[in-house]
Colleague: 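Before I ask anything, let me first share the structure, which is written out below as structure tokens.
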There are 2 protein chains.
Amino acid sequence: MAHNDTVERILDAAEILFAEKGFAETSLRSITSRANVNLAAVNYHFGSKKVLIQAVFTRFLDPFAEGLSKTLDDIEAAGKEPELEALIALLFKEVLKVKPRGQNDIKIFMRLLAIAYAQAQGHLRKHLQNIYGTVFRRYLKLVMVAAPDLPLYELYWRINFMMGSVIFTLSDFDTLDAIGQAEHQQKASMEQTMMRLVPFLVSGMQAPRPEDMPERP
Amino acid sequence: MAHNDTVERILDAAEILFAEKGFAETSLRSITSRANVNLAAVNYHFGSKKVLIQAVFTRFLDPFAEGLSKTLDDIEAAGKEPELEALIALLFKEVLKVKPRGQNDIKIFMRLLAIAYAQAQGHLRKHLQNIYGTVFRRYLKLVMVAAPDLPLYELYWRINFMMGSVIFTLSDFDTLDAIGQAEHQQKASMEQTMMRLVPFLVSGMQAPRPEDMPERP
DNA sequence: ATTTGTTTCAAACGATTGTTTGTTTCCCTT
DNA sequence: AAGGGAAACAAACAATCGTTTGAAACAAAT
């Protein structure tokens with residue numbers, strides 16, 4: 001219990017503080033202090049702060065990627081070709097499945113993703129791409145089938161447009177919801193906002209191709 | 001020439017380094033070193049690093065907000081009610097107008113926006129909101145007219161969905177374009193990508209309202 | 001030419017950072 | 001009960017951070 005408990009307490013504290021302030025702005029001392037753990041424990045168990053950051057991501061993304069992979073297995077086994085809306089909603093369901101122990105885990109998860117993208121840290125990005133690239137490509141193939149009239153290159157960019165909407169909105173959900181309450185006297189939940197995202201994304205993906213944009217310039 | 005030159009050289013160096021590495025990861029020494037300026041110059045001319053960060057944003061956003069404001073003046077003076085597509089394309093044109101001295105200024109501009117959102121720095125966010133909130137609200141009113149069948153609260157969230165796509169995609173344009181070249185042997189420009197964004201965003205905004213989502217729960 | 005005020009500069013400040021060290025404590029095996 | 005390897009600990013490490021200092025260099029005005 002001793003070892004494992006310390007490692008997980010560090011990860012718990014780290015993911016919260018990283019999501020709140022970012023990587024560079026979060027000191028190891030603030031992490032170990034929140035975790036009620038000795039300062040040296042981080043370097044003892046992880047080796048360095050950089051590895052700790054990667055470990056935080058791994059703990060989130062591994063179950064997510066595994067869950068997504070299994071869902072894709074089921075789809076392919078059933079020989080189904082899901083529609084665009086189902087494919088997008090699928091991703092949200094998968095996100096909601098991850099780590100049901102805490103309520104605000106999804107917010108942390110999304111904020112970490114946003115920070116990872118905002119900070120073009122070479123080592124982190126390639127680390128994630130190397131590990132989770134395979135599952136992502138499997139998912140992308142299904143999107144291709146669901147939107148057959150879209151050239152591959154166009155689809156590539158639209159996928160990124162989608163990622164932008166989702167990550168941006170959900171990672172800043174608390175702030176955006178607070179503004180929404182102040183200006184419209186309505187509050188939203190994360191699940192509601194995901195539901196709101198689906199039709200926006202589906203319609204965006206089904207949009208006609210941009211004008212004056214040759215497929216191969 | 002002495003004073004003004006130093007201040008602008010600091011701003012030039014700061015915006016590049018901030019866009020590359022973020023705020024906390026960029027030291028004043030790296031800024032002053034790149035600007036060929038003494039270390040103390042930052043605190044002498046700006047007072048603190050925090051003020052320098054705000055100054056970098058101001059130099060970008062002031063001309064942008066002013067240009068947008070004038071464009072909105074013209075529209076209102078002409079009594080026009082632009083369509084959604086025109087309103088969205090308008091924003092991109094306004095962005096392209098800002099700071100024509102350098103080619104990659106837009107990339108820096110977008111990266112700074114992304115970093116500003118990712119790092120929930122309280123002081124910066126309120127600073128921006130207080131200064132540029134007025135222009136933004138004027139623009140929002142035009143969008144309201146262009147999408148009359150959309151409830152205000154729904155529109156609020158979709159505006160944020162749009163912002164997410166744009167900021168996310170364009171701030172990471174270099175990386176995304178590099179991947180696009182590797183996987184599809186096609187390269188894009190920032191202007192092309194903006195053109196690609198327009199139909200995606202327009203269709204997203206015109207999407208049907210999400211199911212099971214009462215207007216006032 | 002002298003004064004006045006602004007800007008630049010080298011140097012140092014205290015604080016905080018990630019990491020390392022050597023020792024102590026704990027737990028398990030024999 | 002004794003031994004040994006893993007873990008926790010207080011303390012210190014060198015490096016870097018933003019900021020401050022006081023003197024030097026400069027410009028413009030009297």
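Below, read A as the first sequence line, B as the second, and so on, with proteins coming before strands; counting in each chain starts at 1.
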Colleague: Nearest whole angstrom, please: distance from the P of dT17(C) to the CD1 of I53(A).
Modeller: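 Going from I53(A) (CD1) to dT17(C) (P), I get 14 Å.
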
Colleague: Just to be sure I understand the rule, does S30(A) reach a base, reach only the sugar-phosphate, or reach nothing, if contact means heavy atoms closer than 4.0 Å?
Modeller: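 Contact class for S30(A): none.
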
Colleague: Rounded to whole Å, how long is the line connecting atom CG of N36(A) with atom C1' of dC9(D)?
Modeller: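 Going from N36(A) (CG) to dC9(D) (C1'), I get 14 Å.
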
Colleague: Quick one: I10(B) CD1 to dT19(D) P, roughly how many Å, whole number?
Modeller: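 Result: 13 Å.
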
Colleague: Looking only at heavy atoms, which two atoms of V135(A) and A65(A) are closest? And how far apart?
Modeller: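 Heavy atoms only, the tightest pair is CG1-O, 3.9 Å.
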
Colleague: Where along nucleotides 20-26 of chain C does protein come under 4.0 Å, by heavy atom, of base (B) or sugar-phosphate alone (S), with - for untouched nucleotides?
Modeller: B------

Colleague: Tell me: CD of E25(B) to P of dT17(C), nearest whole Å?
Modeller: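 So the two atoms are 14 Å apart, to the nearest Å.
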
Colleague: In whole angstroms, how far is the C1' atom of dG18(C) from the NZ atom of K50(A)?
Modeller: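 K50(A) atom NZ is separated from dG18(C) atom C1' by 12 Å.
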
Colleague: Within the structure, does a side-chain N or O atom of H45(B) lie under 4.0 Å from either OP1 or OP2 of dT8(C)?
Modeller: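 Answer yes for this pair, as a side-chain N or O of H45(B) is under 4.0 Å from OP1 or OP2.
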
Colleague: Quickly work out the R9(B) CZ to dT8(C) C1' distance and round it to whole Å.
Modeller: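 Distance check: R9(B) CZ to dT8(C) C1' gives 12 Å.
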
Colleague: Rounded to whole angstroms, how far apart are CZ on R29(B) and P on dA11(C)?
Modeller: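 It is 13 Å, rounded to the nearest whole Å.
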
Colleague: Mind checking whether Y156(A) and Y153(A) have parallel, tilted or perpendicular rings, split at 30° and 60°?
Modeller: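 Answer is parallel, since the angle falls under 30°.
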
Colleague: Among V37(A), V42(A), N36(A), which residue meets the side-chain contact (heavy atoms from CB on, under 4.5 Å) test with T6(A)?
Modeller: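 The side-chain contact (heavy atoms from CB on, under 4.5 Å) with T6(A) is passed solely by V37(A) among V37(A), V42(A), N36(A).
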
Colleague: Just by distance, no angles: are the side chains of Y132(A) and D62(A) close enough, under 3.5 Å, to form a donor-acceptor pair?
Modeller: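 Looking only at side-chain atoms, D62(A) and Y132(A) do form a donor-acceptor pair, the distance falling under 3.5 Å.
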
Colleague: Do the side-chain N or O atoms of S27(A) get closer than 4.0 angstrom to the phosphate oxygens (OP1, OP2) of dT16(C)?
Modeller: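 The answer is no; no side-chain N or O of S27(A) sits under 4.0 Å from OP1 or OP2.
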
Colleague: For T32(A), report the nucleic acid contact type (base, sugar-phosphate, nothing); a contact means any heavy atom under 4.0 Å.
Modeller: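 The residue T32(A) makes no contact with any strand.
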
Colleague: For S165(B), what residues pass the side-chain hydrogen bond (donor to acceptor under 3.5 Å, both in side chains) criterion, not counting sequence neighbours?
Modeller: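 S165(B): side-chain hydrogen bond (donor to acceptor under 3.5 Å, both in side chains) contacts with S165(A).
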
Colleague: Please find out if less than 6.0 Å separates the ring center of F168(B) from that of F168(A).
Modeller: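 Centroid distance F168(B)-F168(A): not below 6.0 Å, so no.
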
Colleague: Check whether any side-chain N or O of K49(A) sits under 3.5 Å from a backbone N or O of F23(A) as a donor-acceptor pair, and report yes or no.
Modeller: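 Yes: the side chain of K49(A) pairs with the backbone of F23(A).
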
Colleague: Considering only side-chain heavy atoms of T6(A), which listed nucleotide, dG18(C), dA8(D), dC17(D), is closest?
Modeller: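 Looking only at heavy atoms from C-beta outward on T6(A), the closest nucleotide is dA8(D).
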
Colleague: Take the protein atom CG of L28(B) and the nucleotide atom C1' of dA10(C), then report the distance between them rounded to whole Å.
Modeller: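 It works out to 17 Å between those atoms.
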
Colleague: Where the side chain of N38(A) is concerned, which of dA12(D), dA8(D), dA10(C) is the nearest nucleotide?
Modeller: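 Within the option list, the nearest is dA8(D).
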
